[in-house]
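Read the numbers this way: they start at 1 and go in the same order the structure lists the ligands and their atoms.
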Amino acid sequence: MGDRLKFLLDEGDIPESWYNLAADLPSPPPPPLDPGSGRPIGPEALAPLFPMALIQQEVATEREIAIPDPVRDVYRMWRPTPLHRARRLERLLDTPARIYYKYEGVSPPGSHKPNTAVAQAWYNKAEGVPRLTTETGAGQWGSSLAFAASLFGLEVDVYMVKVSFHQKPYRKALMETYGARCVASPSTETETGRRILAEDPDNRGSLGIAISEAVEMAARREDTKYALGSVLNHVLLHQTVIGQEAIRQMELAGDYPDVILACAGGGSNFAGLAFPFLGAQLRGGPKVRIVACEPVACPSLTRGVYAYDFGDTAGTTPLVKMHTLGSRFMPPGFHAGGLRYHGMAPLVSHIKELGLIEAAAFNQLECFEAGVTFARSEGIVPAPEATHAVRGAIREALAAREAGEERVILFNLSGHGNFDMQAYADYFAGKLTDQSYSEEELAASLASLPRVAA
Ligand SMILES: *Cc1c(COP(=O)(O)O)cnc(C)c1O
(Lines give C-alpha, C1' and ligand atoms only; values in the text may rest on other atoms or scores of the structure.)
Protein backbone atom coordinates (compact mmCIF):
# COMPACT_ATOMS: atom_id res chain seq x y z
CA MET A 1 0.00 0.00 0.00
CA GLY A 2 1.40 3.40 -1.00
CA ASP A 3 2.22 6.08 1.48
CA ARG A 4 -0.16 8.69 0.15
CA LEU A 5 -3.38 6.99 -0.75
CA LYS A 6 -5.37 9.25 -3.01
CA PHE A 7 -9.05 8.95 -3.77
CA LEU A 8 -9.71 10.71 -7.03
CA LEU A 9 -12.91 11.47 -8.89
CA ASP A 10 -13.33 12.19 -12.60
CA GLU A 11 -14.10 15.63 -13.99
CA GLY A 12 -17.63 14.45 -14.66
CA ASP A 13 -18.04 13.89 -10.92
CA ILE A 14 -17.93 17.60 -10.09
CA PRO A 15 -21.23 18.18 -8.26
CA GLU A 16 -24.03 19.58 -10.43
CA SER A 17 -25.59 21.51 -7.59
CA TRP A 18 -24.64 23.17 -4.33
CA TYR A 19 -26.14 21.75 -1.14
CA ASN A 20 -28.31 24.08 0.97
CA LEU A 21 -28.30 23.03 4.64
CA ALA A 22 -31.29 25.29 5.37
CA ALA A 23 -33.52 22.66 3.72
CA ASP A 24 -32.70 20.06 6.37
CA LEU A 25 -32.48 22.13 9.56
CA PRO A 26 -35.03 21.60 12.34
CA SER A 27 -35.42 25.38 12.65
CA PRO A 28 -34.29 28.29 10.46
CA PRO A 29 -31.57 30.70 11.63
CA PRO A 30 -32.82 34.10 12.88
CA PRO A 31 -33.11 36.61 10.00
CA PRO A 32 -30.77 39.57 9.43
CA LEU A 33 -32.22 42.83 10.77
CA ASP A 34 -32.19 46.43 9.66
CA PRO A 35 -30.14 48.27 12.32
CA GLY A 36 -32.48 51.27 12.17
CA SER A 37 -35.91 49.66 12.48
CA GLY A 38 -34.88 46.36 14.10
CA ARG A 39 -37.05 44.61 11.47
CA PRO A 40 -35.96 41.75 9.17
CA ILE A 41 -34.43 43.17 6.01
CA GLY A 42 -35.88 42.51 2.58
CA PRO A 43 -33.88 41.66 -0.53
CA GLU A 44 -33.91 45.32 -1.68
CA ALA A 45 -31.68 46.25 1.29
CA LEU A 46 -28.88 44.15 -0.17
CA ALA A 47 -29.44 45.09 -3.81
CA PRO A 48 -26.85 47.91 -3.91
CA LEU A 49 -24.18 45.45 -2.76
CA PHE A 50 -24.93 42.08 -4.38
CA PRO A 51 -26.40 40.75 -7.62
CA MET A 52 -29.97 39.46 -7.26
CA ALA A 53 -29.05 35.81 -7.87
CA LEU A 54 -26.80 35.83 -4.80
CA ILE A 55 -29.41 37.64 -2.69
CA GLN A 56 -31.88 34.90 -3.61
CA GLN A 57 -29.37 32.21 -2.63
CA GLU A 58 -29.00 34.00 0.73
CA VAL A 59 -32.62 33.17 1.61
CA ALA A 60 -33.12 30.01 -0.48
CA THR A 61 -34.81 27.02 1.14
CA GLU A 62 -34.55 24.40 -1.60
CA ARG A 63 -32.06 21.62 -0.91
CA GLU A 64 -30.17 21.79 -4.20
CA ILE A 65 -29.21 24.81 -6.24
CA ALA A 66 -27.88 24.12 -9.73
CA ILE A 67 -24.31 25.22 -10.43
CA PRO A 68 -24.26 27.24 -13.69
CA ASP A 69 -22.31 25.55 -16.48
CA PRO A 70 -19.73 28.38 -16.85
CA VAL A 71 -18.92 27.99 -13.15
CA ARG A 72 -18.57 24.21 -13.44
CA ASP A 73 -16.31 24.77 -16.46
CA VAL A 74 -13.96 26.87 -14.33
CA TYR A 75 -14.16 24.41 -11.40
CA ARG A 76 -12.84 21.83 -13.86
CA MET A 77 -9.47 23.65 -13.84
CA TRP A 78 -8.74 22.02 -10.44
CA ARG A 79 -11.82 20.12 -9.26
CA PRO A 80 -12.57 17.51 -8.09
CA THR A 81 -9.85 18.03 -5.49
CA PRO A 82 -8.07 14.98 -4.07
CA LEU A 83 -8.88 13.22 -0.82
CA HIS A 84 -5.84 11.65 0.80
CA ARG A 85 -5.38 9.10 3.52
CA ALA A 86 -2.54 10.40 5.73
CA ARG A 87 -0.74 7.07 6.23
CA ARG A 88 2.62 8.58 7.09
CA LEU A 89 1.08 10.92 9.65
CA GLU A 90 -0.83 7.98 11.17
CA ARG A 91 2.42 6.01 11.52
CA LEU A 92 4.25 8.97 13.01
CA LEU A 93 1.52 9.40 15.62
CA ASP A 94 1.38 5.64 16.16
CA THR A 95 -2.39 5.86 16.18
CA PRO A 96 -5.06 3.28 15.39
CA ALA A 97 -7.09 6.15 13.88
CA ARG A 98 -7.47 6.43 10.12
CA ILE A 99 -6.85 10.04 9.07
CA TYR A 100 -8.19 11.44 5.81
CA TYR A 101 -7.89 14.94 4.47
CA LYS A 102 -9.56 16.78 1.63
CA TYR A 103 -7.00 19.02 -0.04
CA GLU A 104 -8.26 22.37 -1.35
CA GLY A 105 -4.79 23.82 -1.92
CA VAL A 106 -4.73 22.56 -5.53
CA SER A 107 -6.74 25.54 -6.82
CA PRO A 108 -4.65 28.11 -8.74
CA PRO A 109 -4.58 30.65 -5.86
CA GLY A 110 -4.00 27.82 -3.38
CA SER A 111 -7.12 27.59 -1.18
CA HIS A 112 -10.82 26.72 -1.09
CA LYS A 113 -11.83 30.35 -1.68
CA PRO A 114 -12.11 30.20 -5.51
CA ASN A 115 -15.09 27.84 -5.06
CA THR A 116 -17.17 30.90 -4.19
CA ALA A 117 -15.06 33.58 -5.91
CA VAL A 118 -15.74 32.02 -9.31
CA ALA A 119 -19.47 31.76 -8.60
CA GLN A 120 -19.68 35.35 -7.34
CA ALA A 121 -17.70 36.76 -10.25
CA TRP A 122 -19.90 34.88 -12.70
CA TYR A 123 -23.22 36.06 -11.19
CA ASN A 124 -21.99 39.66 -11.19
CA LYS A 125 -20.86 39.34 -14.80
CA ALA A 126 -24.22 37.77 -15.73
CA GLU A 127 -26.07 40.78 -14.24
CA GLY A 128 -23.84 43.27 -16.06
CA VAL A 129 -21.68 44.42 -13.13
CA PRO A 130 -18.21 45.45 -14.40
CA ARG A 131 -16.46 46.14 -11.10
CA LEU A 132 -16.10 44.58 -7.63
CA THR A 133 -14.67 45.67 -4.29
CA THR A 134 -13.69 43.37 -1.48
CA GLU A 135 -11.60 43.01 1.65
CA THR A 136 -8.91 40.48 2.33
CA GLY A 137 -7.10 39.37 5.47
CA ALA A 138 -4.14 37.15 4.67
CA GLY A 139 -4.69 37.76 0.96
CA GLN A 140 -6.23 34.40 0.11
CA TRP A 141 -9.65 35.84 -0.60
CA GLY A 142 -8.29 38.84 -2.49
CA SER A 143 -6.17 36.65 -4.73
CA SER A 144 -9.06 34.24 -5.26
CA LEU A 145 -11.43 36.99 -6.30
CA ALA A 146 -8.72 38.56 -8.47
CA PHE A 147 -8.23 35.18 -10.16
CA ALA A 148 -11.97 34.68 -10.70
CA ALA A 149 -12.49 38.25 -11.93
CA SER A 150 -9.67 37.89 -14.45
CA LEU A 151 -11.45 34.87 -15.96
CA PHE A 152 -14.65 36.87 -16.50
CA GLY A 153 -13.07 40.24 -17.32
CA LEU A 154 -14.12 42.17 -14.18
CA GLU A 155 -12.14 44.87 -12.37
CA VAL A 156 -11.39 44.39 -8.64
CA ASP A 157 -10.27 46.69 -5.81
CA VAL A 158 -9.03 44.81 -2.75
CA TYR A 159 -8.75 46.40 0.71
CA MET A 160 -6.13 44.34 2.49
CA VAL A 161 -5.73 44.34 6.30
CA LYS A 162 -2.61 46.44 6.88
CA VAL A 163 -0.75 43.98 9.11
CA SER A 164 -1.06 41.31 6.40
CA PHE A 165 -0.26 43.77 3.61
CA HIS A 166 3.17 44.15 5.19
CA GLN A 167 3.56 40.53 6.32
CA LYS A 168 2.58 39.02 2.95
CA PRO A 169 3.98 41.02 0.02
CA TYR A 170 3.76 38.01 -2.30
CA ARG A 171 0.00 37.78 -1.84
CA LYS A 172 -0.27 41.39 -2.98
CA ALA A 173 1.93 40.63 -5.96
CA LEU A 174 -0.29 37.65 -6.78
CA MET A 175 -3.41 39.86 -6.75
CA GLU A 176 -1.67 42.32 -9.04
CA THR A 177 -0.59 39.50 -11.31
CA TYR A 178 -4.26 38.61 -11.75
CA GLY A 179 -4.95 42.28 -12.48
CA ALA A 180 -6.49 43.54 -9.21
CA ARG A 181 -5.62 46.74 -7.36
CA CYS A 182 -4.59 46.19 -3.74
CA VAL A 183 -4.81 48.88 -1.02
CA ALA A 184 -3.64 48.66 2.61
CA SER A 185 -6.58 49.07 5.01
CA PRO A 186 -7.34 51.32 6.84
CA SER A 187 -6.71 53.55 3.81
CA THR A 188 -7.23 57.21 3.03
CA GLU A 189 -9.63 56.30 0.19
CA THR A 190 -12.73 55.99 2.35
CA GLU A 191 -14.43 57.99 5.08
CA THR A 192 -14.16 55.02 7.44
CA GLY A 193 -10.45 54.64 6.77
CA ARG A 194 -9.73 58.35 7.20
CA ARG A 195 -11.68 58.47 10.47
CA ILE A 196 -9.84 55.46 11.92
CA LEU A 197 -6.43 56.79 10.86
CA ALA A 198 -7.19 60.17 12.40
CA GLU A 199 -7.86 58.46 15.75
CA ASP A 200 -5.05 55.94 15.48
CA PRO A 201 -2.42 56.49 12.75
CA ASP A 202 -0.73 53.16 13.58
CA ASN A 203 -3.91 51.10 13.30
CA ARG A 204 -2.95 47.61 11.98
CA GLY A 205 -6.33 47.06 10.43
CA SER A 206 -8.84 44.28 10.83
CA LEU A 207 -11.22 42.40 8.60
CA GLY A 208 -14.07 44.42 10.11
CA ILE A 209 -12.45 47.70 9.00
CA ALA A 210 -11.53 46.39 5.55
CA ILE A 211 -15.12 45.23 5.03
CA SER A 212 -16.38 48.72 5.96
CA GLU A 213 -14.07 50.27 3.37
CA ALA A 214 -15.03 47.85 0.60
CA VAL A 215 -18.76 48.19 1.35
CA GLU A 216 -18.51 51.98 1.42
CA MET A 217 -16.88 52.08 -2.02
CA ALA A 218 -19.42 49.63 -3.48
CA ALA A 219 -22.36 51.59 -2.03
CA ARG A 220 -20.95 54.81 -3.46
CA ARG A 221 -20.47 53.67 -7.07
CA GLU A 222 -23.25 52.65 -9.41
CA ASP A 223 -20.98 50.36 -11.46
CA THR A 224 -19.55 48.53 -8.43
CA LYS A 225 -20.74 45.70 -6.23
CA TYR A 226 -19.21 44.05 -3.22
CA ALA A 227 -18.02 40.47 -2.74
CA LEU A 228 -17.52 38.76 0.62
CA GLY A 229 -15.28 35.70 0.96
CA SER A 230 -16.92 34.03 3.96
CA VAL A 231 -19.73 34.29 6.55
CA LEU A 232 -22.76 34.77 4.26
CA ASN A 233 -25.15 31.92 3.41
CA HIS A 234 -24.39 32.03 -0.31
CA VAL A 235 -20.65 31.75 0.35
CA LEU A 236 -21.12 28.70 2.56
CA LEU A 237 -23.44 27.26 -0.08
CA HIS A 238 -20.80 27.54 -2.83
CA GLN A 239 -18.26 25.75 -0.67
CA THR A 240 -20.41 22.62 -0.35
CA VAL A 241 -18.76 21.15 -3.44
CA ILE A 242 -16.02 20.16 -0.97
CA GLY A 243 -18.17 17.97 1.24
CA GLN A 244 -20.20 16.51 -1.61
CA GLU A 245 -17.02 15.32 -3.30
CA ALA A 246 -15.66 14.07 0.02
CA ILE A 247 -18.76 11.89 0.61
CA ARG A 248 -18.13 10.11 -2.69
CA GLN A 249 -14.41 9.82 -2.01
CA MET A 250 -14.99 8.31 1.43
CA GLU A 251 -17.19 5.76 -0.36
CA LEU A 252 -14.26 4.97 -2.67
CA ALA A 253 -12.12 4.55 0.43
CA GLY A 254 -14.74 2.23 1.93
CA ASP A 255 -14.88 4.33 5.10
CA TYR A 256 -17.09 6.93 6.80
CA PRO A 257 -15.86 9.63 9.18
CA ASP A 258 -16.56 9.47 12.93
CA VAL A 259 -15.30 13.00 13.29
CA ILE A 260 -14.92 15.89 10.82
CA LEU A 261 -12.73 18.93 11.48
CA ALA A 262 -11.97 22.18 9.73
CA CYS A 263 -10.54 25.52 10.75
CA ALA A 264 -13.10 28.27 11.18
CA GLY A 265 -12.53 31.97 10.55
CA GLY A 266 -15.84 33.08 9.08
CA GLY A 267 -16.85 29.44 8.73
CA SER A 268 -16.91 28.83 4.97
CA ASN A 269 -14.42 25.99 4.47
CA PHE A 270 -15.78 24.39 7.64
CA ALA A 271 -19.32 24.57 6.27
CA GLY A 272 -18.13 23.41 2.86
CA LEU A 273 -16.81 20.14 4.20
CA ALA A 274 -19.23 19.58 7.08
CA PHE A 275 -22.68 20.63 5.78
CA PRO A 276 -23.18 17.81 3.25
CA PHE A 277 -22.29 15.23 5.96
CA LEU A 278 -24.50 17.03 8.50
CA GLY A 279 -27.36 17.09 5.99
CA ALA A 280 -27.02 13.35 5.49
CA GLN A 281 -27.17 12.92 9.27
CA LEU A 282 -30.26 15.14 9.59
CA ARG A 283 -31.98 13.05 6.90
CA GLY A 284 -31.39 9.90 8.95
CA GLY A 285 -27.87 8.98 7.88
CA PRO A 286 -24.88 8.17 10.09
CA LYS A 287 -24.16 10.49 12.99
CA VAL A 288 -20.86 12.30 12.86
CA ARG A 289 -19.05 14.55 15.34
CA ILE A 290 -18.16 17.88 13.76
CA VAL A 291 -15.52 20.15 15.28
CA ALA A 292 -14.79 23.76 14.27
CA CYS A 293 -11.15 24.64 15.06
CA GLU A 294 -10.44 28.28 15.85
CA PRO A 295 -7.53 30.33 17.28
CA VAL A 296 -7.36 31.10 21.00
CA ALA A 297 -6.50 34.66 19.91
CA CYS A 298 -9.83 35.14 18.06
CA PRO A 299 -12.25 32.67 19.65
CA SER A 300 -15.70 33.72 18.42
CA LEU A 301 -17.34 30.28 18.78
CA THR A 302 -15.75 29.26 22.07
CA ARG A 303 -15.74 32.61 23.92
CA GLY A 304 -17.93 35.00 21.96
CA VAL A 305 -21.57 35.69 22.72
CA TYR A 306 -24.48 34.67 20.47
CA ALA A 307 -26.04 38.01 19.65
CA TYR A 308 -27.07 40.36 16.87
CA ASP A 309 -24.04 42.32 15.70
CA PHE A 310 -22.68 44.22 12.72
CA GLY A 311 -20.56 42.36 10.19
CA ASP A 312 -18.13 45.27 9.97
CA THR A 313 -16.44 47.77 12.27
CA ALA A 314 -18.13 50.96 11.04
CA GLY A 315 -21.61 49.48 11.48
CA THR A 316 -22.72 49.75 7.86
CA THR A 317 -23.95 46.17 7.33
CA PRO A 318 -27.29 44.69 8.45
CA LEU A 319 -27.34 43.09 11.90
CA VAL A 320 -26.81 39.35 11.88
CA LYS A 321 -27.19 36.93 14.77
CA MET A 322 -23.89 35.17 15.27
CA HIS A 323 -21.19 34.25 17.75
CA THR A 324 -19.26 37.47 18.03
CA LEU A 325 -16.44 39.12 19.94
CA GLY A 326 -17.96 42.50 19.09
CA SER A 327 -17.48 44.35 15.80
CA ARG A 328 -14.92 46.70 17.41
CA PHE A 329 -12.76 43.75 18.46
CA MET A 330 -9.15 44.15 17.32
CA PRO A 331 -7.54 40.71 17.34
CA PRO A 332 -3.80 40.55 18.05
CA GLY A 333 -1.56 40.33 14.96
CA PHE A 334 -1.11 36.56 14.88
CA HIS A 335 -0.26 34.79 11.66
CA ALA A 336 -3.45 33.00 10.67
CA GLY A 337 -4.77 36.19 9.05
CA GLY A 338 -7.81 34.41 7.61
CA LEU A 339 -9.01 33.57 11.11
CA ARG A 340 -8.97 37.12 12.46
CA TYR A 341 -12.67 37.90 12.03
CA HIS A 342 -14.74 39.06 15.03
CA GLY A 343 -17.80 36.99 14.13
CA MET A 344 -18.84 33.60 12.80
CA ALA A 345 -21.20 32.72 9.96
CA PRO A 346 -24.83 32.97 11.18
CA LEU A 347 -25.55 29.48 9.85
CA VAL A 348 -22.55 27.97 11.67
CA SER A 349 -23.48 29.92 14.82
CA HIS A 350 -27.05 28.63 14.60
CA ILE A 351 -26.09 24.96 14.37
CA LYS A 352 -23.66 25.46 17.26
CA GLU A 353 -26.62 26.70 19.32
CA LEU A 354 -28.63 23.66 18.16
CA GLY A 355 -25.87 21.41 19.52
CA LEU A 356 -25.10 19.93 16.10
CA ILE A 357 -21.41 20.88 16.15
CA GLU A 358 -18.56 21.36 18.64
CA ALA A 359 -15.84 24.00 18.72
CA ALA A 360 -12.25 23.93 19.98
CA ALA A 361 -9.66 26.71 20.27
CA PHE A 362 -5.93 26.18 19.69
CA ASN A 363 -2.87 28.31 20.35
CA GLN A 364 -0.61 29.62 17.59
CA LEU A 365 2.50 27.67 18.61
CA GLU A 366 0.81 24.26 18.86
CA CYS A 367 -0.75 24.91 15.45
CA PHE A 368 2.59 25.70 13.78
CA GLU A 369 4.07 22.64 15.45
CA ALA A 370 1.23 20.58 13.93
CA GLY A 371 1.83 22.24 10.56
CA VAL A 372 5.50 21.29 10.64
CA THR A 373 4.66 17.72 11.68
CA PHE A 374 2.23 17.51 8.78
CA ALA A 375 4.73 18.93 6.27
CA ARG A 376 7.39 16.46 7.39
CA SER A 377 5.08 13.47 7.07
CA GLU A 378 2.65 14.32 4.24
CA GLY A 379 4.82 16.78 2.33
CA ILE A 380 2.32 19.64 2.04
CA VAL A 381 3.00 22.83 4.00
CA PRO A 382 -0.40 23.87 5.40
CA ALA A 383 -1.57 27.49 5.34
CA PRO A 384 -1.38 28.93 8.88
CA GLU A 385 -5.20 28.87 9.01
CA ALA A 386 -5.29 25.21 8.01
CA THR A 387 -2.82 24.24 10.73
CA HIS A 388 -5.71 24.67 13.20
CA ALA A 389 -7.54 21.79 11.50
CA VAL A 390 -4.34 19.74 11.44
CA ARG A 391 -3.88 20.40 15.15
CA GLY A 392 -7.47 19.35 15.84
CA ALA A 393 -7.06 16.17 13.79
CA ILE A 394 -3.82 15.25 15.57
CA ARG A 395 -5.55 15.74 18.92
CA GLU A 396 -8.30 13.33 17.82
CA ALA A 397 -5.73 10.80 16.61
CA LEU A 398 -3.85 10.93 19.90
CA ALA A 399 -7.10 10.56 21.85
CA ALA A 400 -7.88 7.46 19.78
CA ARG A 401 -4.45 6.06 20.65
CA GLU A 402 -5.02 6.85 24.32
CA ALA A 403 -8.39 5.08 24.26
CA GLY A 404 -7.01 2.22 22.14
CA GLU A 405 -9.88 2.61 19.69
CA GLU A 406 -10.30 2.95 15.95
CA ARG A 407 -11.51 6.33 14.86
CA VAL A 408 -12.03 7.68 11.35
CA ILE A 409 -10.95 11.30 11.14
CA LEU A 410 -11.61 13.56 8.16
CA PHE A 411 -10.34 17.11 8.02
CA ASN A 412 -10.17 19.88 5.49
CA LEU A 413 -6.75 21.11 4.45
CA SER A 414 -8.13 24.44 3.26
CA GLY A 415 -4.96 25.71 1.59
CA HIS A 416 -1.20 25.45 1.24
CA GLY A 417 1.23 27.75 2.99
CA ASN A 418 3.62 28.41 0.13
CA PHE A 419 2.96 32.16 0.35
CA ASP A 420 3.18 32.08 4.15
CA MET A 421 6.77 31.00 4.59
CA GLN A 422 7.57 34.19 6.53
CA ALA A 423 5.23 32.90 9.22
CA TYR A 424 7.08 29.58 9.31
CA ALA A 425 10.42 31.41 9.30
CA ASP A 426 9.26 33.45 12.30
CA TYR A 427 8.13 30.26 14.01
CA PHE A 428 11.55 28.61 13.49
CA ALA A 429 13.30 31.78 14.68
CA GLY A 430 11.32 31.63 17.93
CA LYS A 431 9.61 34.94 17.19
CA LEU A 432 6.04 33.70 17.54
CA THR A 433 4.23 33.74 20.85
CA ASP A 434 0.87 32.50 22.05
CA GLN A 435 -1.25 35.62 22.01
CA SER A 436 -4.53 36.10 23.69
CA TYR A 437 -6.81 39.11 23.80
CA SER A 438 -7.10 41.08 27.00
CA GLU A 439 -10.30 40.54 28.96
CA GLU A 440 -10.77 44.31 29.19
CA GLU A 441 -10.55 44.70 25.44
CA LEU A 442 -13.12 41.98 24.93
CA ALA A 443 -15.48 43.41 27.54
CA ALA A 444 -15.19 46.87 25.98
CA SER A 445 -15.87 45.45 22.55
CA LEU A 446 -18.90 43.47 23.74
CA ALA A 447 -20.25 46.51 25.59
CA SER A 448 -20.73 48.20 22.23
CA LEU A 449 -22.93 45.42 20.84
CA PRO A 450 -26.01 46.99 19.25
CA ARG A 451 -29.20 46.72 21.30
CA VAL A 452 -31.91 44.72 19.61
CA ALA A 453 -35.36 43.92 20.97
CA ALA A 454 -35.54 40.17 21.63
C1 LIG B 1 -9.67 32.39 4.39
C2 LIG B 1 -9.13 31.10 4.78
C3 LIG B 1 -9.66 30.42 5.89
C4 LIG B 1 -10.72 30.99 6.78
O5 LIG B 1 -11.95 31.26 6.17
P6 LIG B 1 -13.22 30.37 6.39
O7 LIG B 1 -14.32 31.14 5.77
O8 LIG B 1 -13.42 30.18 7.86
O9 LIG B 1 -12.99 29.09 5.69
C10 LIG B 1 -9.15 29.17 6.18
N11 LIG B 1 -8.16 28.61 5.45
C12 LIG B 1 -7.62 29.24 4.40
C13 LIG B 1 -6.54 28.58 3.63
C14 LIG B 1 -8.10 30.51 4.02
O15 LIG B 1 -7.59 31.12 2.97
- Would you check whether Ala386 has a nitrogen or oxygen atom less than 3.5 angstrom from a nitrogen or oxygen atom of ligand 1? no
Can you give the donor-acceptor pairs under 3.5 Å from side chains of residues 289-296 to other protein atoms, not counting sequence neighbours?
{"from": "Arg289", "atom 1": "NE", "to": "Glu358", "atom 2": "OE2", "distance (Å)": "2.9"}
{"from": "Arg289", "atom 1": "NH1", "to": "Glu396", "atom 2": "OE1", "distance (Å)": "3.1"}
{"from": "Arg289", "atom 1": "NH2", "to": "Glu358", "atom 2": "OE1", "distance (Å)": "3.3"}
{"from": "Arg289", "atom 1": "NH2", "to": "Glu396", "atom 2": "OE2", "distance (Å)": "2.9"}
{"from": "Glu294", "atom 1": "OE1", "to": "Ser300", "atom 2": "N", "distance (Å)": "3.3"}
{"from": "Glu294", "atom 1": "OE1", "to": "Leu301", "atom 2": "N", "distance (Å)": "3.0"}
{"from": "Glu294", "atom 1": "OE2", "to": "Leu301", "atom 2": "N", "distance (Å)": "3.2"}
{"from": "Glu294", "atom 1": "OE2", "to": "Thr302", "atom 2": "N", "distance (Å)": "2.7"}
{"from": "Glu294", "atom 1": "OE2", "to": "Thr302", "atom 2": "OG1", "distance (Å)": "2.6"}

- Query: Considering all heavy atoms of both residues, which atom of Trp18 and which atom of Ala66 are nearest to each other, and what is their separation?
  - Reply: CZ3-O, 3.9 Å
- Query: Below 4.0 Å from any atom of ligand 1, is there a heavy atom belonging to His112?
  - Reply: yes
- Query: Should Gly267 be counted as touching ligand 1, given the test is an N or O pair under 3.5 Å?
  - Reply: yes
- Query: How far is atom 7 (O) of ligand 1 from its nearest protein heavy atom, and which residue and atom name does that atom have?
  - Reply: Ser230 OG, 2.5 Å
- Residues Pro384 and Ala423: closest non-hydrogen pair is CG-CB, 4.3 Å
- Task: Salt-bridge test for Glu378 and Arg85: reply yes if a basic N is under 4.0 Å from a carboxylate O, no otherwise.
- Result: no
- Examine Gly265 against ligand 1 and note whether any of their N/O atoms are separated by less than 3.5 Å. yes
- Report the nearest protein non-hydrogen atom to atom 15 (O) of ligand 1: residue, atom name, distance rounded to 0.1 Å. Lys113 NZ, 2.6 Å
- In the protein, what heavy atom is nearest to atom 4 (C) of ligand 1, and what distance, to one decimal place, separates them? Gly338 O, 3.4 Å
- Residue pair Gly371 / Pro382: nearest heavy atoms and the distance that separates them: O-CD, 3.5 Å
- Note on the structure: of all protein heavy atoms, closest to atom 11 (N) of ligand 1 is Ser414 OG, 2.7 Å
- Query: Which bit of Leu339 is near ligand 1, meaning a heavy atom under 4.0 Å away: side chain, backbone, both or neither?
  - Reply: side chain
- List for me each residue that meets ring-ring contact (aromatic ring centres under 6.0 Å, His included) alongside Phe277, sequence neighbours excluded, and say none if there are none. Tyr256
